[in-house]
Amino acid sequence: MDPSEQVQLGRSRVHISRLGLGMAALGDVTRTSDGDAIAVIGRTRSLGLRHVDTAAEYGLGLAERRLGAALAALDGGDIVVSTKVGRLVRPASRGYRIRHTIVESVSSRAGARILRRKLVGVGSRLTRAGSSEASSVATLTTAARPTDDLPADLRLRPAAVCDYSYDGAMRSFEESLTRLGRDRIDLAFIHEPDMHYREASRGAYRALESLKAAGAVNAIGVAINDPEALIRYAGSGDYDCFLLGGRYTLLEHQALDRLLPLAHERGISILLGGPFNSGILADPRPGALYDHARADPRRLAKAQAIKAICDRHGVSMKAAALQFPLGHPAVVSVLVGAASVTEIEEAHDLMRQPLPGQLWEELRDQGVLAAGVPLPA
């Protein structure tokens, strides 16, 4: 596959490369430097890859600032930039109180886990009300606290605060523009509104619609890991694309039966993030990560079976993982994270690696791939 091939996003004017760079790792100050970011983005561009995805939450604004500095240094006006709305970076010392009411019915355990993982803030508290046997309505309150009531190391620590209202989305967009040093963005996503469908579909979506009509953004979408949630968003707005994290991979086919056919029918392009499912599809050794946690035995065994088949055909499991999602006509691009030049070069080379048709057929015949999965050419 040609990683630099340009593909259109939905019915928009935006075209991106088959392989794109995600900046989560380049927002991690403990792993990467400003120089690393410039080097990786520069190499991404020289490889013909024309899409870089970032977000305010990545390094609490650091990834966006680094991308803005790299684009200025490299004169990178030909790079398609995507960022996300729905997160505001606020220092704990400023004091804030934002209340999020979760209107969907969710399993109590799953709801609590998602809230704790996705909604970051100092003094966060989860409460539940109206519990039934299988569901609850949850409210997360990020509480304002006097600065002197916080531990010393938290007094000036920033936090990513969720706000999917119209005004909140507009503020987060404007703040992203400032950090990026731009007056417009090619592509904007609503960022992981897992538990905020009503607010996001009424508020953040209207904000993105207005920005698109004004020419401040050329394409809009939703970035989330849940295929069923994206089906719901597809029915409530006119989106150009969705960024789906890790749910259509060699290991996971959750999006196959419903989301991908719907997206293809409606002309909504799918960008696939997390093609390695946090690492298990790169190196499925004991202790490998799946969704940023230790993989369970069932998934680990399946990933090891995939690797055994790839080994029999003399091909890289990572190459198969990168190329597999693009076999579906709804999936137009794959995003990979890279913390170094070596990593983005490896991803580029893996995408170009020829893979035999017998590989995909054996993966399907062995039950690793579902019977209806479109196989890469």
Quiz item: Less than 4.0 Å between a side-chain N and a carboxylate O, is that true for D78 and R50?
Solution: yes
Quiz item: What is the minimum heavy-atom distance between P329 and H264, and which atoms define it?
Solution: CB-CE1, 3.6 Å
Exercise. Could you tell me whether the side chain of V80 reaches within less than 4.5 Å of the side chain of N218, counting heavy atoms only?
Key: no
Practice problem: With side-chain hydrogen bond (donor to acceptor under 3.5 Å, both in side chains) as the test, would you mind laying out the steps for S82 and H51 before giving the verdict? | Solution: CA-CA 8 Å; S82 61; H51 177 212; 2.9 Å; yes
Practice problem: To the nearest 0.5 angstrom, please state how far the CD1 atom of I280 sits from the CZ atom of R285. | Solution: 12.5 Å
Quiz item: Under 3.5 Å, side chain of D240 to main-chain N/O of L9, donor-acceptor pair present?
Solution: no
Exercise. State whether D291 and R247 are salt-bridged, where the test is any N-O pair (Lys NZ or Arg NE/NH1/NH2 against Asp/Glu carboxylate O) under 4.0 Å.
Key: yes
Exercise. Could you tell me if the ring centre of F324 sits under 6.0 Å from that of Y248?
Key: yes
Practice problem: Check V315 against P356 and note the closest heavy-atom contact, atom names and distance. | Solution: CG1-CD, 3.7 Å
Quiz item: Should K318 and E346 count as side-chain neighbours, where that means a heavy-atom distance under 4.5 Å?
Solution: yes
Quiz item: Sub-3.5 Å donor-acceptor pair from the side chain of T32 to the main-chain atoms of A25, do we have one?
Solution: yes
Quiz item: Quick one: do L322 and L326 end up in the same hydrophobic cluster if we chain Ile, Leu, Val, Met, Phe, Trp and Tyr together by side-chain heavy atoms under 4.5 Å apart?
Solution: yes
Exercise. Show the numbers, then the answer: is there a ring pair (Phe, Tyr, Trp, His ring centres under 6.0 Å) between Y233 and Y205?
Key: CA-CA 10 Å; Y233 282 102; Y205 172 68; 9.0 Å; no
Practice problem: Could you tell me whether a side-chain N or O of E252 sits under 3.5 Å from a main-chain N or O of L250, the two making a donor and an acceptor? | Solution: no
Quiz item: Can any side-chain N or O of S333 pair as donor or acceptor with the backbone N or O of R18 at less than 3.5 Å?
Solution: yes
Self-check item: Working for salt bridge (Lys or Arg N to Asp or Glu O under 4.0 Å), residues E175 and R90
Solution: CA-CA 11 Å; E175 291 169 11; R90 294 293 181 265; 2.9 Å; yes
Exercise. Inspect the contact between D163 and R171 and indicate whether a charged nitrogen and a carboxylate oxygen are less than 4.0 angstrom apart.
Key: yes
Practice problem: Take V81 and L67 through the side-chain contact (heavy atoms from CB on, under 4.5 Å) test and state the conclusion after the steps. | Solution: CA-CA 9 Å; V81 172; L67 177 55; 3.9 Å; yes
Quiz item: How about E199 and S165: does a side-chain donor come under 3.5 Å of a side-chain acceptor?
Solution: no
Exercise. Show your reasoning for whether salt bridge (Lys or Arg N to Asp or Glu O under 4.0 Å) applies to E192 and K84.
Key: CA-CA 9 Å; E192 295 182 340; K84 306 177 183 76; over 6 Å; no
Practice problem: Determine whether L71 and L74 fall in the same hydrophobic cluster, where Ile, Leu, Val, Met, Phe, Trp and Tyr are linked whenever their side-chain heavy atoms lie under 4.5 Å apart. | Solution: yes
Self-check item: Parallel, tilted or perpendicular: ring planes of H191 versus Y58, cut at 30 and 60 degrees
Solution: perpendicular
Practice problem: Compute both the distance and the angle, then confirm whether R202 meets the cation-pi test with Y166: under 6.0 Å from the six-membered ring centre, within 45 degrees of the axis. | Solution: no
Quiz prompt | N/O donor-acceptor pair under 3.5 Å between S172 side chain and G86 backbone | solution = yes
Quiz prompt | Residue pair V40 / T44, side-chain heavy-atom distance below 4.5 Å | solution = yes
Quiz item: Hey, any chance V341 and L335 share a hydrophobic cluster, counting ILVMFWY side chains that come within less than 4.5 Å of each other, even indirectly?
Solution: no
Quiz item: Do the side chain of Q323 and the main chain of L350 share a donor and acceptor less than 3.5 angstrom apart?
Solution: yes
Exercise. Given side-chain hydrogen bond (donor to acceptor under 3.5 Å, both in side chains), test Y239 with E209 step by step and report yes or no.
Key: CA-CA 9 Å; Y239 293 100; E209 264 197 322; over 6 Å; no
Quiz item: Going by heavy atoms in the side chains, are S269 and Q8 under 4.5 Å from each other?
Solution: no
Exercise. Would you mind reporting whether P193 and V222 have side-chain heavy atoms less than 4.5 Å apart?
Key: yes
Exercise. Please confirm whether the backbone N or O of V29 pairs with a side-chain atom of S33, one donor and one acceptor, at under 3.5 Å?
Key: no
Quiz item: Is D186 paired with R184 through a side-chain N to carboxylate O contact shorter than 4.0 Å?
Solution: yes
Exercise. First locate atom CG of L262, then atom CG of D257, and finally report the distance between them rounded to the nearest 0.5 Å.
Key: 12.5 Å
Exercise. I would like to know whether D238 and K212 meet salt bridge (Lys or Arg N to Asp or Glu O under 4.0 Å); could you show each step before the answer?
Key: CA-CA 11 Å; D238 186 14; K212 187 176 179 181; 5.8 Å; no
Quiz item: So, D53 side chain and G22 main chain: donor-acceptor pair closer than 3.5 Å or not?
Solution: no
Exercise. Would you kindly confirm whether L211 and I220 end up in one hydrophobic cluster when ILVMFWY residues are joined by side chain heavy atoms under 4.5 Å apart?
Key: yes
Practice problem: Mind listing the closest non-hydrogen atom pair of G246 and N277 along with its distance? | Solution: O-ND2, 2.9 Å
Quiz prompt | Donor + acceptor pair across side chains of E64, S176 (<3.5 Å) | solution = yes
Quiz item: Do L244 and L271 come close enough that some side-chain heavy atom pair is under 4.5 Å?
Solution: no
Quiz item: How are the rings of H196 and Y164 set to each other: parallel, tilted or perpendicular (split at 30° and 60°)?
Solution: tilted
Quiz item: Would a hydrophobic clustering, with Ile, Leu, Val, Met, Phe, Trp and Tyr connected at side-chain separations under 4.5 Å, put Y197 with L259?
Solution: yes
Self-check item: Close aromatic pair by centroid cut-off 6.0 Å: F242 and F189
Solution: no
